[in-house]
Amino acid sequence: MQLYLDTANLGEIREAASWGVLSGVTTNPTLMAREKGADFQATIQEIASLVDGPISAETIALDAEGMIREGLEYAQWHPNVIIKVPSTTEGLKAVYALAKQNIRTNVTLCFNPIQALMAARAGAFIISPFVGRVDDIGVDGIQLIREIRGVYNAGGIQTRILSASIRHPRHIVESALAGADIATCPYKVLQQAMQHPLTDIGIERFLADWQHRQA
Ligand code: G3P
């Protein structure tokens, strides 16, 4: 399973890219709004220069025509830009139209396997089920990943399953075991993923032993 960063913060992207673990980046309107005053196009292009992989940029329009117009514009920004559209019938129309022009899409805000199946049939490159937000309403978010994997395998569907709305490192592991192709993680969660108290204790002990070694 690949790891993407779920942020529009260039500092976070630069740092995580230096760890060598990033295969792509996802953004959304909320994440863009957090980067006060940042220009959308300039931010996406800067991200594309930092990470050599798919970079998702989300459309704002709610109608297919508007999504297609925005998608065609974003696709000019960089060859790695993926057009993010919502899991709606208007979104399906946009996926279908953009796919005909070889423009890749990421269908976001997916909350059930039927949306995932329809997005794939329309030609989506990526489907984004929101694990954390499903957990938030008392339903098993990881089970959603498992069911989409089952539906896709049964139909020989190649659309990539991107586990989104990741809240903690365990979500990453469980997404991989449930069959996700990608997990997109907030920076804080990727940092947490490499932290373990026994690693810290082990480093301390090694250093202490090294300092007290016999000549
Ligand atoms: O990028 C979409 C998704 O990852 C958002 O997550 O934490 O706002 O539910 P969250």
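First listed ligand is number 1; within each ligand, the first listed atom is number 1. The chain is numbered in sequence order, starting from 1.
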Answer yes or no: does atom CG of Leu72 have more than 12 heavy-atom neighbours from other residues, nucleotides or ligands under 6.0 Å?
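For Leu72, atom CG is crowded (more than 12 foreign heavy atoms under 6.0 Å).
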
For Gln41, does the CD atom sit with more than 12 other heavy atoms under 6.0 Å from it, leaving out its own atoms?
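Yes, because the 6.0 Å sphere around CD of Gln41 holds more than 12 heavy atoms from other groups.
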
Candidate list Val95, Thr88, Leu98, Ile60, test side chain to side chain contact (heavy atoms under 4.5 Å, CB included), partner Met67, passing option:
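Of the listed options, the one satisfying the test is Thr88.
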
Asp140: what forms a salt bridge (Lys or Arg N to Asp or Glu O under 4.0 Å) with it, not counting sequence neighbours?
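Asp140 satisfies salt bridge (Lys or Arg N to Asp or Glu O under 4.0 Å) with no other residue.
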
Excluding sequence neighbours, so at least two apart, what forms salt bridge (Lys or Arg N to Asp or Glu O under 4.0 Å) with Glu70?
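Partners of Glu70 by the salt bridge (Lys or Arg N to Asp or Glu O under 4.0 Å) criterion come out as none, since no residue qualifies.
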
Apart from Ile114 itself, residues in the same hydrophobic cluster as defined by side-chain heavy atoms under 4.5 Å
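Cluster partners of Ile114: Leu92, Met118.
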
Select all protein residues for which some heavy-atom-to-ligand 1 distance is less than 4.0 Å, and list them by chain and number.
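Those residues closer than 4.0 Å to ligand 1 by some heavy atom are Asp6, Asn28, Lys84, Phe130, Arg133, Ala164, Ser165, Arg167.
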
